[in-house]
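Along the sequence shown, the residues carry numbers beginning at 1. Keep in mind that this is a model prediction, so the values were computed, not measured. Excluded from the calculations below are hydrogen atoms, water molecules and symmetry mates; all remaining heavy atoms, backbone and side chain alike, are included.
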Amino acid sequence: AAMSAPKLGSKLPMVTDAVLRKCDGLDGVMDQVLENPLRCKFDPAELQCKSGDDAACLNLNEVTALQKIYSGPRLKDGTQVFPGLPVGGESIPANWDLWIMSEKSLQAGMGEEFLRWMVYADPKWNKSQFDIDRDYAVAMERAAPIVDSDDPDLSGFLSKGGKLIIHQGWADAAVSPGSTLNYYNALRKKVGAVADEQVRLFMVPGMLHGSGGVQAPTYYDMLTELDHWVEGGPAPERVIASRYEKSEAFASADRGKALRTRPLCAWPQTAHYIGKGSIDDAANFNCK
């Protein structure tokens, strides 16, 4: 969808600004980070040009491309193939621009290579031949039994007392956060009440693919949380994340001073500002 709107990339900051103006305060604080993008009811048609095209608005093709990115790919009969991307991460550097916004994006390259070799085993296959209805069905038949990792039946693991923490960034453009939510919901449906006792999901506002972000606190220690839980402590319900002076992904141990801390809340709870105190101190946020 993005490839059909070549100018869209330059307009993504405008889109993110519109999203934040509309939804940034839903958690009680204006901080340039969406706590829960699912609560943001943004339609890119709100930015559509009255006529023609302009740098300060979206033309019809760009609106359509964004709507497709947000809603996710579907078959001709409307069947959802995979969840779309949430709002809010459009213009974060090394995010949409890296993963989806050109013919040389990582998703385009990996998708083409996957279909060429793992599905069709044809060195001449290329993305110009792609047909979602045909190729999705073939991929599900030939490759899904080998590579898919979405089986929600963890009853064997959980019956032995296993503890599981799942965590992902809301701004991840590599793997849609919606797929993680779908898996978590499928797991709870499959195994029942034991999931509420032995599984926790933490969605990280503003975090990219495994780390990184801009204003968001995205450094946290889930391994220690899991260790405490396995050793007999309570299930984690609130994990503190920090943003440091040196905020680049995979920074050294010396990250400088913590500029902001926030609680990550066990889903479906999210963090909300209590209305007083520093917005950069996790102590001033409740999970609810």
Side-chain angles (χ1 to χ4, degrees), residues 1-6 8-9 11-20 22-23 26 33-48 58-92 94-103 105-112 114-115 127 130-133 135-137 139-140 144 148-150 166-186 201 203-210 213 267-268 270:
M3 294 175 198
S4 68
L8 179 57
K11 296 183 179 180
L12 290 182
M14 174 184 65
V15 175
T16 300
D17 287 346
V19 169
L20 292 175
K22 185 169 187 176
C23 301
L26 293 176
V33 180
L34 295 184
E35 177 68 21
N36 178 7
L38 298 185
R39 293 187 62 202
C40 185
K41 307 306 179 186
F42 170 76
D43 185 342
E46 298 170 24
L47 300 177
Q48 187 168 339
L58 300 175
N59 63 41
L60 179 58
N61 284 343
E62 292 164 343
V63 168
T64 302
L66 276 171
Q67 288 172 334
K68 289 182 177 181
I69 292 170
Y70 292 140
S71 65
R74 296 176 183 272
L75 303 181
K76 291 184 177 68
D77 65 4
T79 300
Q80 180 109 44
V81 169
F82 206 70
L85 297 181
V87 299
E90 301 87 356
S91 60
I92 300 175
N95 199 35
W96 280 36
D97 56 342
L98 176 68
W99 288 100
I100 68 170
M101 290 307 297
S102 77
E103 291 193 19
S105 70
L106 292 178
Q107 293 284 24
M110 291 190 293
E112 184 174 48
F114 172 77
L115 285 160
K127 59 179 175 284
F130 180 69
D131 178 272
I132 190 168
D133 281 75
D135 296 331
Y136 177 67
M140 290 300 291
D148 276 8
S149 56
D150 59 353
I166 306 169
H167 51 114
Q168 185 181 7
W170 269 121
D172 190 342
V175 180
S176 170
S179 65
T180 296
L181 291 173
N182 286 350
Y183 179 77
Y184 178 69
N185 291 333
L201 169 63
M203 300 300 295
V204 186
M207 190 172 80
L208 310 185
H209 186 52
W267 185 262
T270 55

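Among all heavy-atom pairs drawn from Gly89 and Asn95, the shortest one is O-ND2, 2.8 Å. The two residues Lys127 and Glu103 come nearest to each other via the heavy atoms NZ-O, 3.9 Å. In plain terms, the two heavy atoms of Gly169 and Pro177 that are nearest each other are O-CG, 3.4 Å. Gln107 and Ala174 get closest at one heavy-atom pair: NE2-O, 2.7 Å. Among all heavy-atom pairs drawn from Ala108 and Ser102, the shortest one is CB-O, 4.0 Å. Of all non-hydrogen atoms in Trp96 and Leu85, the two that sit nearest each other are NE1-CD1, 3.5 Å.
Counting only residues at least two apart or on different chains, the side-chain hydrogen bond (donor to acceptor under 3.5 Å, both in side chains) pairs with a member in residues 166-180 are His167-Tyr220, Gln168-Asp172, Gln168-Thr180, Asp172-His209.
For the atom pair CD1 (Ile92) and CE (Met207), the distance works out to 11.0 Å, reported to the nearest 0.5 Å. With rounding to the nearest 0.5 Å, the separation of CD in Gln67 from CG in Asp43 is 5.0 Å. One finds the CG atom of Leu58 at 7.0 Å from the CG atom of Leu8 (value rounded to the nearest 0.5 Å). Rounding to the nearest 0.5 angstrom, the gap separating the OG1 atom in Thr16 from the CG atom in Leu34 is 9.0 Å. In this structure, CZ in Phe82 is found 9.5 Å from CD in Gln80, a value given to the nearest 0.5 Å. The structure places CH2 of Trp267 at 5.5 Å from CG of Leu181, a figure rounded to the nearest 0.5 Å.
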Run the side chain to side chain contact (heavy atoms under 4.5 Å, CB included) test on Asp17 and Glu90 for me, step by step, so that the C-alpha distance in whole Å, both residues' side-chain angles and the decisive distance to 0.1 Å come before the verdict. CA-CA 10 Å; Asp17 287 346; Glu90 301 87 356; over 6 Å; no
What verdict does the side chain to side chain contact (heavy atoms under 4.5 Å, CB included) test give for Leu47 and Phe42, after you've listed the backbone C-alpha separation in whole Å, the side-chain angles of each residue and the deciding distance to 0.1 Å? CA-CA 10 Å; Leu47 300 177; Phe42 170 76; 4.0 Å; yes
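Using a 4.5 Å heavy-atom cutoff, the side chains of Met203 and Thr270 are not in contact. In this structure, the side chains of Tyr136 and Pro73 stay at 4.5 Å or more apart for every pair of heavy atoms. Within the 4.5 Å cutoff, side-chain heavy atoms of Asp148 are placed close to those of Met140. Residues Leu201 and Tyr183 fail the side-chain proximity criterion, which asks for heavy atoms closer than 4.5 Å. Val19 is listed as a side-chain neighbour of Cys40, based on a closest heavy-atom distance under 4.5 Å. In this structure the side chain of Leu12 reaches within 4.5 angstrom of the side chain of Met101, judged on heavy atoms.
With sequence neighbours excluded, no residue satisfies side chain to side chain donor-acceptor pair (under 3.5 Å) with Asn182. Take Glu46 and apply the side chain to side chain donor-acceptor pair (under 3.5 Å) test, not counting sequence neighbours, and it matches Lys22.
A donor-acceptor pair is defined here as one N or O able to donate and one able to accept, closer than 3.5 Å; no such pair exists between the side chain of Asp135 and the backbone of Leu115. In this structure, Gln48 contributes its side chain and Leu60 its backbone to no donor-acceptor pair below 3.5 Å.
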